[in-house]
> 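Before anything else, here's the structure in question.
By convention in this document, chain letters (A, B, ...) are assigned in the order of the sequence lines, proteins followed by strands, and residues within each chain are numbered from 1.
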There are 2 protein chains.
Amino acid sequence: MTRKKVKHVYIADVTARKATFKKRKKGIIKKVNELTILCGIQACALIASPFDSKIEVWPDSEGTRHIIERYQSTSIIDRSKNVSQESFIVHRVAKAQDQVKKKHRENREKEVTLTIFQYLKSGIIPQQLNFEELKDLERLIEKNIKQVESRIEELS
Amino acid sequence: MTRKKVKHVYIADVTARKATFKKRKKGIIKKVNELTILCGIQACALIASPFDSKIEVWPDSEGTRHIIERYQSTSIIDRSKNVSQESFIVHRVAKAQDQVKKKHRENREKEVTLTIFQYLKSGIIPQQLNFEELKDLERLIEKNIKQVESRIEELS
DNA sequence: ACATCTATCTTTAGTCT
DNA sequence: TAGACTAAAGATAGATG
């Protein structure tokens, strides 16, 4: 009587879709939970609801945040294979500091680099950035500084 | 012959753990994929490997990034229930701009706020921040500005 | 709408190659 | 180390209350 051949296509019927979503979400979360226990690992799932804009996560928001941060760090490292992220950052900062000492003058380029360094240390932006990302960030900070300066000028 | 009662505890044997991890990870990803199709939603899974530091994600890094960003936005909204995030940001920026025009002088407080606004617009930091997070960010930016200024002074 | 049931489908632990 | 196999365990579609 209970026929089942799940066609893997979008479920048009709202009631059926909602029921399936609820059951399967529960199943997935159970499986993810089991995997973390059986294998002693971290894992998380983020699932958007079809019925409201909320995204459900497993485990709690704290655990999810941790693994997301861990993922973001490592994925960025992977993207910049050509240079070790650690030596890259260390070298960049050391170079910026040297330049500051040598040139002995106000220099926006170094201001930007130092700002980036502070943000990296603080964790506001990922601890590792590849060259392209760093360049984007530099351009953004430079733009900000210019805007702030022009606004200040405008008011003087 | 094939006896199975899965005890839900850590699998001590390395070989068995690896085999189970591989099988179950595949299963979870399949289930998540099916859920997204059946219900027409976004979902992702992040799974740390027990054998190297890499975190595997489903779907690709691009899709994962999107849903993470969506999650981070909404979760932060939820945390600052007391005030709508949109009106909060809009109000804060408008106020800062008003102050700039009225006081007609260089003012670090506004510089900080404008910098935050730029970062918010750019997506470098989450689009929504609650009061505590905004305060932390303000303190950080202020500290950065002071450090940069003192370094510039030191060199003049 | 939700809870329970259960026949059937799907996953997977243990085993072998 | 990685597939393939298979029977038991587990998940769930559709039905019913």
> Can you list the residues that meet the side-chain contact (heavy atoms from CB on, under 4.5 Å) rule with A/Phe51, with sequence neighbours excluded?
A/Val14, A/Arg17, A/Lys18, A/Ser49
> When B/Glu69 is tested against each of B/His66, B/Arg65, B/Gln72 for side-chain hydrogen bond (donor to acceptor under 3.5 Å, both in side chains), which residue passes?
B/Arg65
> Working to the nearest 0.5 angstrom, can you tell me the gap between A/Lys54 NZ and B/Tyr71 OH?
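Rounded to the nearest 0.5 Å, the NZ-OH separation comes out at 10.0 Å.
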> Going by heavy atoms closer than 4.0 Å, what residues in residues 12-22 of chain A are next to DNA chain C?
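Those residues whose heavy atoms fall under 4.0 Å from DNA chain C, taken from residues 12-22 of chain A in numerical order, are A/Lys22.
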> Sequence neighbours excluded and cut-off under 3.5 Å, please list the side-chain donor-acceptor pairs for residues 27-37 of chain B, or say none.
| residue | atom | partner | partner atom | Å |
| --- | --- | --- | --- | --- |
| B/Glu34 | OE1 | A/Arg24 | NH1 | 2.8 |
| B/Glu34 | OE2 | A/His8 | NE2 | 3.4 |
| B/Thr36 | OG1 | B/Asn33 | O | 2.6 |

> Which parts of residues 27-49 of chain A get close to DNA chain D, meaning a heavy atom less than 4.0 angstrom away?
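Heavy-atom cutoff 4.0 Å gives A/Gly27, A/Lys30, A/Lys31.
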> For the side chain of B/Lys23 and the base of D/dG3, is some donor closer than 3.5 Å to an acceptor across the two?
no
> When hydrophobic residues are tied together by side-chain contacts of less than 4.5 Å, even through go-betweens, does B/Leu46 share a cluster with B/Ile67?
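Yes, B/Leu46 connects to B/Ile67 through the hydrophobic network.
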> Can you confirm whether A/Phe21 sits close enough to A/Ile11 that some side-chain heavy atom of one is under 4.5 Å from a side-chain heavy atom of the other?
no
> Between the axis at one end of the helix from C/dC2-D/dG17 to C/dT17-D/dA2 and the axis at the other (five pairs apiece), what's the angle to 10 degrees?
30°
> Looking at residues at least two apart in the chain, or sitting in another chain, which of them share a side-chain contact (heavy atoms from CB on, under 4.5 Å) with B/Val9?
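For B/Val9, the residues satisfying side-chain contact (heavy atoms from CB on, under 4.5 Å) (neighbours in sequence not counted) are B/Lys7.
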> A/Trp58, B/Ile41: one ILVMFWY side-chain cluster at the under-4.5 Å cut-off?
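Same cluster.
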> Where is the tightest heavy-atom contact between A/Gly40 and B/Tyr10, given as atom of each residue plus distance?
N-CD1, 3.7 Å
> Could you grab the distance from atom CD1 of B/Ile55 to atom SG of A/Cys44, nearest 0.5 Å is fine?
8.0 Å
> Expressed in angstrom and rounded to an integer, what is the separation of B/Lys25 atom NZ from D/dA2 atom P?
11 Å
